[in-house]
Amino acid sequence: MRNIISKIGVTLLVLSFVGILAFAINTGFKIATGLEDDNRFSVSMVTDGGGINDQSFQESSWKGMQELAKETDVKVSYVECPQTSDFLSNIDKLADENTDLIWGIGYKLADTIELAAKTNPEINYALADFSLGEKTPENVTCAVFRSEESSFVVGYIAAMTTKTDCVGFVGGIKGLVIDQFEYGYLAGVKYASKKLGKNIDVKIQYAESFTDSAKGKAIAMKMYDECDVIFHAAGGAGVGVIEAAKETGNYVIGVDKDQSSLAPKNVLTSAIKDVGKAVKMISIKALNGENTGGKTFSYGIKEHCVGIPAENPNLDPSVYKSAIEIQRKISDGKIVSPGNEKDYNEFINKLSRGEII
Amino acid sequence: MTRSISRILKSYFMRTFIAVLLGFVVASAILFITGYNPSQCMAVMFNAVFSRPKFIVNVILKSTPIILTGLSVAFAFKMGLFNIGAEGQYIVSTIAAAIAGLVFNFHPIIQVPLVIMSGVFAGAIFGGIIGFLKSKFGIHEVITSIMLNWIALYLCNYISNLACFHKPESDGTYPINESGLTLFMYKWKFSEEGRSFLKNNPVLNDIILKTDFNFNFILAVIIAIVVWVVIYKTRKGYEFRACGLNPDAAQNAGIDVNKNIIYTMLISGALSGLAGALALTGSSNPVIHVLPVFENYGFNGLSVALIAGSSPIGCIFAGVMFSALIYAGQSLQFKLGAPSEIVNIMIGTIVFFVALSVIIPMIVDKIVEKEERKSA
Amino acid sequence: MERGIALEISKDYAVQMRGISKFFGNFQALDSVDLDVKKGETHAILGENGAGKSTLMNILYGLYGADGGTIYLNGEPVYIKNPSVAISYGIGMVHQHFMLVEKFTVLQNIILGNESTDKFGIINMRKARKKVIEIIKRYGMNVDLKKKIRNISVGMQQKVEILKALYRGAEILILDEPTAVLTPQEVDELLEIIENLKKDGKTVIIITHKLKEIKKSSKECTIIRKGKFVDCVNVKDESEQSLAEKMVGHKVKLLVDKEKATPGEVVFEIKDLNVKSERGIDVIKNLSMSLRKGEIYGLAGVDGNGQKELMEALICRLYVESGKILINGKEIQNTSTRNVLDSKISIIHEDRHRYGCILGMSVADNAILEKYREKPFNANGFLNYDERDKYTEKLIEKYDVRPSKCKYTKIRNLSGGNQQKLVIGREIENDPDLLIAIQPTRGLDVGAIEYVHKVLIDLRDKGKAILLISLELDEILDLSDRIGVIYDGSIVGEFDQKEANEQNVGLLMAGGKNNDEEHI
């Protein structure tokens with residue numbers, strides 16, 4: 001008896017499950033949520049695994065979007081995707097919500113944004129911190145940053161500040177984006193050492209992670225045996241570098257945003273990369289009806305999207321002054337900072353030939 | 001009367017259902033406290049799953065890997081082993097499948113099984129290592145599993161960055177060759193012909209073009225049934241269950257417990273491996289990439305197995321439910337701005353209540369007992 | 001001493017319990033049980049396994065709460081919420097399974113949980129030692145305080161438990177099955193200690209199902225059957241037979257009926273066996289023995305003298321360093337458990353819950369535990385459930401497993417006796433040449449014990465060899481045709497049933513020399 005009841009129960013359950021499924025696949029159920037009649041211009045962003053509290057560019061992007069919402073009548077929202085396989089379905093969900101502009105933040109989302117743009121040609125997408133280059137679809141806008149410019153400036157500052165004639169660089173995972181930081185920084189150091197007329201050693205090491213702060217700290221502790229300034233471009237792993245600076249009493253240069261709050265006495269300056277500002281600028285363009293599709297916008301010192309903070313309490317005023325001078329030179333195009341190995345070698349050649357002043 | 005009610009309440013389906021319900025109640029309370037309208041949240045979540053055919057398809061597609069890792073955990077659990085290493089087995093499987101998919105390029109009839117089997121094989125090896133260490137040296141499977149999870153993670157990061165596989169300007173490998181994909185009509189749906197056909201059929205357009213439509217779920221269901229048959233109908237399954245319930249008695253009855261530990265972990269690893277391989281071949285972005293943290297396919301499998309009470313068939317339902325919760329949770333984020341932490345707390349609460357659901361029969365017993373003594 | 005009406009509550013009684021009831025779920029373990037224990041007396045509580053005697057005492061000790069009834073101590077009603085309260089009332093209990101910390105010394109164990117400390121929180125060891133030594137002297141206990149628990153014998157450990165209770169100021173001492181693990185000599189020592197306690201005015205309650213000891217130790221005896229109070233008797237007026245009948249509720253045969261054995265050829269032999277334990281200690285040392293068809297060989301010995309390791313070596317779980325194990329002339333040492341079982345050896349393991357059956361599986365699944373891989377149960381890798389059920393039904397009927405429609409119930413839900421019947425049936429159905437029975441009646445009630453003994457003797461009469469390993473000397477003496485004594489990993493003496501008695505076997509079990517014969 002009991003067996004029969006439970007068998008009938010299970011059968012009913014399965015049948016109803018299949019029934020609901022069949023019905024829903026054809027028409028779909030919907031419950032009123034009270035959110036339906038919001039017809040404002042809407043902008044959404046999709047993050048990678050880092051999430052909007054990543055202390056880095058995801059956070060910065062979301063901040064930019066919040067500012068956008070404050071300044072204009074735009075509806076903003078975000079979705080976090082801890083799993084890569086969520087990228088497509090979440091971007092697709094946003095498209096279903098009649099979102100007017102969908103941002104993918106970071107190079108990890110590049111492929112998915114490209115695919116989504118192909119399947120939904122009627123929707124506008126944007127990609128921050130990565131360029132799809134020539135294959136950029138008509139409905140995708142890309143925003144890239146000339147991080148090598150700010151890195152050049154902090155490299156210059158590091159070289160001018162060091163007393164041990166040895167500075168360090170801790171990267172996250174080697175790749176195009178971090179190359180910009182590395183070679184810009186190297187170029188800045190070389191430029192300054194030529195000016196000072198002495199040789200300054202640069203130690204370079206990668207944490208192979210953007211999250212492992214313990215590893216970042218271990219690397220930095222070792223580096224501080226010889227160096228007294230380290231520039232990190234390692235996201236969460238860089239937090240460990242800053243901690244090491246705090247413990248050893250040395251200087252560290254922050255990245256992406258003004259990181260002086262993490263160690264007020266040790267953060268010399270920061271190589272700011274204001275992704276949020278670019279996100280905001282492109283979103284406003286879209287709001288104003290400008291067609292930005294298929295284009296790649298590059299943001300650097302000139303556009304005030306990269307650079308160093310205005311307040312640098314630990315920085316020698318004279319160094320700051322000359323750093324501002326360098327910023328102006330870059331902005332004017334007098335100095336072109338290299339962002340990859342090839343450009344860097346060229347830059348060194350030019351430097352040694354005295355073609356760069 | 002009280003008897004029959006108590007029997008219904010004690011049945012596994014019912015008590016899981018009650019636990020899920022309780023989980024939603026507590027989750028609503030949490031939402032309320034944190035300043036979100038619970039009924040609105042529930043409506044948003046409901047819509048996120050049921051309002052469009054595509055959403056249901058997505059939930060099912062996303063449930064496939066966790067059903068399989070759930071099966072993997074449940075299977076090992078029948079043998080009394082706690083396979084926390086499903087995560088690592090999943091990852092090595094994606095690595096092996098990706099390498100096979102990149103290196104070889106045969107006709108799909110050979111390529112698809114080849115890619116999937118490499119993943120399954122890698123997962124089985126990783127599971128087998130755990131089983132071998134446990135049976136030969138008595139090292140607890142949880143310890144080796146955790147170690148192997150990390151090894152898998154870093155191996156994945158290493159392979160992703162190897163010059164021969166690494167796709168420049170990304171954090172991962174090149175996509176695997178198209179011949180290895182199990183996506184439904186992958187080429188056709190992006191072709192002119194396919195697009196124009198799908199345009200005239202909005203429902204199909206929605207569920208085929210806009211999702212990574214594939215039939216992996218059906219394979220997962222078949223595998224669940226096979227696992228059930230193996231456990232409950234075969235000689236080997238009988239051995240596994242005996243070893244799981246009482247290894248001493250099983251050993252004394254002439255069953256080679258140590259050998260069965262290795263077999264179980266091989267099979268369990270293979271199931272996680274299948275999850276990884278299918279997740280790769282069923283994706284429109286079939287790459288492996290640098291993992292900063294675990295993506296939790298294996299760990300979600302633990303939750304699925306827990307909700308299912310280690311029943312293979314239950315894993316199907318639990319997997320779909322879990323996948324729906326995650327999928328719907330992400331909609332909460334952009335619709336209402338609820339942070340992912342709240343969503344995770346909600347899911348955690350529900351899993352917690354299901355884990356607690358073993359006490360529901362006890363509570364029912366207590367109540368019945370009191371009733372009866374009152375009437376006596 | 002028949003008692004029509006309940007005794008009055010009086011100061012002369014150390015413990016009086018009135019109408020104690022206890023439920024476990026739907027099962028009523030105790031149904032309005034009364035108990036009256038006179039001050040300064042030894043009182044026995046007699047009952048079969050599962051009759052509720054331990055439950056009753058656990059209620060007195062505060063481990064369980066009663067669902068009804070009242071407890072009076074010295075004429076005053078008390079509420080014993082937990083063991084701490086019981087201890088404060090001067091109640092001490094020695095459980096069947098000792099609760100000692102293996103790695104601690106005797107003294108440390110005694111004062112554990114009741115450490116008297118100075119104002120800095122440091123244990124005052126000297127004071128504690130003084131107090132303990134005083135107690136030891138008063139009751140004539142011979143205990144070395146410095147030794148670690150794991151290095152002393154079980155009998156000694158029991159004394160430590162008693163000391164523990166006395167140290168906490170026990171006036172009423174409850175002993176749960178105190179003689180189950182002792183050699184006859186140790187039993188005598190214990191009885192002497194109990195006598196000393198009584199002289200000192202302490203009240204002792206002994207839980208037991210052994211009739212002999214009741215006769216020796218107690219003045220009064222309360223009998224419980226199936227959770228109900230049966231009688232409170234004056235031990236002097238009763239015979240063992242009458243006590244047993246009151247306990248079981250019907251006529252019983254205390255002595256085993258059996259014909260003289262007619263042993264045949266040798267089927268099983270162990271030659272100069274040497275085995276090391278997992279820790280690498282020599283546990284079996286040059287052990288030799290042989291069994292013939294149609295005889296029961298009883299292996300007597302105190303627990304921990306190599307019985308367990310001998311079994312493990314036999315089923316190939318321990319490696320045999322040297323020596324041979326032969327069945328029907330075939331060597332089986334260091335092969336596999338499967339091979340041993342396939343060589344017509346069947347084993348009824350001790351502790352069926354742990355080694356003999358799988359509690360989480362159904363009766364039917366347990367029935368085929370050793371046969372599942374053979375036809376007809378195994379059909380090309382799949383289990384044939386119809387055949388399994390048919391076979392199970394046959395076993396249930398033949399071996400009188402109750403309830404009779406239990407094939408799909410989990411074996412956990414069967415009573416101990418019925419579990420054992422199934423296990424024994426399963427093993428005998430294998431048609432073994434050698435049946436090894438280890439503690440086959442442990443935890444069974446008298447009725448079930450009778451049944452098991454009968455089955456074993458029937459099997460012997462069919463010409464099978466039976467190796468009986470038991471810690472119960474009475475059982476060995478009653479059943480065996482030949483008796484071997486194992487001590488420290490060797491057989492230190494063999495007796496024919498005729499010449500064996502409690503004294504000469506007991507002496508060898510305790511490690512003494514046998515004066516009559518030189519077997520060593």
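Chain letters run A, B, ... following the sequence lines, proteins first and then strands; every chain starts at 1. Being a predicted model, the structure only gives us computed values, none of them experimental. When reading the values below, keep in mind they use all heavy atoms of this one structure, side chains included, and skip hydrogens, waters and symmetry mates.
- Between chain B and the residues C:Ile368, C:Val340, C:Leu383, C:Leu359, the most heavy-atom pairs under 4.5 angstrom are made by C:Leu383.
- At most 12 non-hydrogen atoms from other residues, nucleotides or ligands lie less than 6.0 angstrom from CZ of B:Phe77.
- Counting non-hydrogen atoms of neighbouring residues, nucleotides and ligands closer than 6.0 angstrom, the NZ atom of C:Lys410 reaches no more than 12 such neighbours.
- By the neighbour-count criterion of 12 heavy atoms within 6.0 Å, atom CZ of C:Phe377 is densely surrounded, having more than that number from other residues, nucleotides or ligands.
- Contacts between C:Ile347 and chain B at a heavy-atom distance below 4.5 Å are absent for every atom of the residue.
- Using a 4.5 Å cut-off between heavy atoms, C:Asn380 does not touch chain B at all.
- B:Val229 touches chain C through its side chain: at least one heavy atom from C-beta onward sits under 4.5 Å away, while N, CA, C and O do not.
- Contacts between C:Arg352 and chain B at a heavy-atom distance below 4.5 Å are absent for every atom of the residue.
- In this structure, B:Lys236 forms no cation-pi arrangement with C:Phe382, as its terminal cationic atom is not both closer than 6.0 Å to the ring centre and no more than 45° off the ring axis.
- Sequence neighbours left out, the pairs with a member in residues 117-139 of chain B that pass side chain to side chain donor-acceptor pair (under 3.5 Å) are B:Lys134-B:Glu141.
- Using a 4.5 Å heavy-atom threshold, the side chains of B:Arg241 and C:Ile358 count as separate.
- Applying the ring-ring contact (aromatic ring centres under 6.0 Å, His included) test to B:Phe299 and every residue at least two apart in sequence or in another chain returns B:Phe294.
- The stretch residues 242-257 of chain B places B:Ala242, B:Leu245, B:Asn246, B:Asp248, B:Ala249, B:Gln251, B:Asn252, B:Ala253, B:Gly254, B:Ile255 near chain C, each with some heavy atom under 4.5 Å from a heavy atom of that chain.
- Residue contact with chain B, scored on non-hydrogen atoms closer than 4.5 Å, involves the side chain of C:Ile315 exclusively.
- Listed by first then second residue, pairs satisfying side chain to side chain donor-acceptor pair (under 3.5 Å) with a partner in residues 308-320 of chain B number zero, not counting sequence neighbours.
- When every heavy atom of B:Tyr238 is checked against every heavy atom of C:Met361, the shortest pair comes out as O-CE, 3.8 Å.
- Note: B:Arg235 CZ to C:Asn378 CG = 5.5 Å, rounded to the nearest 0.5 Å.
- A 6.0 Å sphere centred on OH of C:Tyr355 holds more than 12 heavy atoms belonging to other residues, nucleotides or ligands.
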